[in-house]
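Below is one structure, written out as structure tokens; comments come after it.
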Amino acid sequence: MNCPKCKQPLIDSTLSTALAVKHCTNCQGSWIPAVEYQAWVSQEPQKSLSPELFSELLNNIDVVPSPFDSKAALCPECHHYLARAKVSMKNPFYVERCPSCTGVWCDEGEWNMLEKLGLSTTIEQLFSSGWQARMREQLHAYQERQAVVDKVGPELAAQLFQLASVLEKHPNGDFAAAYLMRRFDRTYV
Ligand SMILES: [Zn+2]
Ligand SMILES: [Zn+2]
């Protein structure tokens, strides 16, 4: 079996705790055969991060995508074109997956990133449009909060977020929010 990116022969290797993969010693990418992945996932605890922590990681971890990341590739097992799923970070990267045999290709460093983000056990979700939409929403919410922190400082921002979540849960929270809005309308007149 040859590397889908640089065509060198792949060698037997392992990722994390005993996930058997085919590794390329030239470009440092790894092919994760579907059977191996499924066997590994079934005995791994499912990790999932809180939306806040996840968005923070997406925004703040710096990855340098492998130069091979942008290269289109064929499945080393069944030769279909690998589908690409974007992980939207400061420097986005793409995870690739064969639509036919569901094997996964990770360029150098990508598997470690997936582990950090709590996504290594749920790679297939990256390829669903619903998940991609949720990831965009979370990023947007995070950026919105950051903008508030930048404008009013972390202390007041923390108070504001706390008040906002109290009001969200209160049956007449919208009434209280409208009161605040009116206070500011008056100031600007
Ligand atoms: Zn390679
Ligand atoms: Zn395939």
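As a basis for the values below, the full set of heavy atoms in this structure was taken, side chains included, without hydrogen atoms, waters or symmetry mates. Order of listing sets the numbers, starting from 1, for every ligand and every atom in it. Numbering of residues begins at 1 and proceeds along the displayed sequence.
Using a 4.5 Å heavy-atom threshold, the side chains of Leu82 and Tyr94 count as separate. Between Lys5 and Asp107, some side-chain heavy-atom pair lies under the 4.5 Å cut-off. Contact of the Leu74 side chain with the Tyr81 side chain is registered, since non-hydrogen atoms from C-beta on lie closer than 4.5 Å.
Once rounded to the nearest 0.5 Å, the distance linking SG of Cys3 with NZ of Lys22 reads 13.5 Å.
For the Zn ion (ligand 1), the tally of protein N/O/S atoms lying closer than 2.8 Å stands at 4. Taking 2.8 Å as the limit, the number of protein N, O or S atoms around the Zn ion (ligand 2) is 4.
In this structure, the side chain of Thr122 does not engage the main chain of Gln125 through any donor-acceptor pair within 3.5 Å.
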Going through the distances and angles, do Trp40 and Thr121 end up as a side chain to side chain donor-acceptor pair (under 3.5 Å)? CA-CA 8 Å; Trp40 179 79; Thr121 54; over 6 Å; no
For Val104 and Trp31, what are the C-alpha separation, side-chain angles and deciding distance, and is it a side-chain contact (heavy atoms from CB on, under 4.5 Å)? CA-CA 6 Å; Val104 171; Trp31 174 250; 5.7 Å; no
Report the C-alpha distance between His23 and Gln28 in whole Å, list the side-chain angles of each, state the deciding distance to 0.1 Å, and finish with yes or no for side-chain contact (heavy atoms from CB on, under 4.5 Å). CA-CA 7 Å; His23 183 71; Gln28 306 298 328; 3.2 Å; yes
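Using modelled atom types, one finds a donor on one side chain and an acceptor on the other under 3.5 Å when comparing Glu115 with Ser16.
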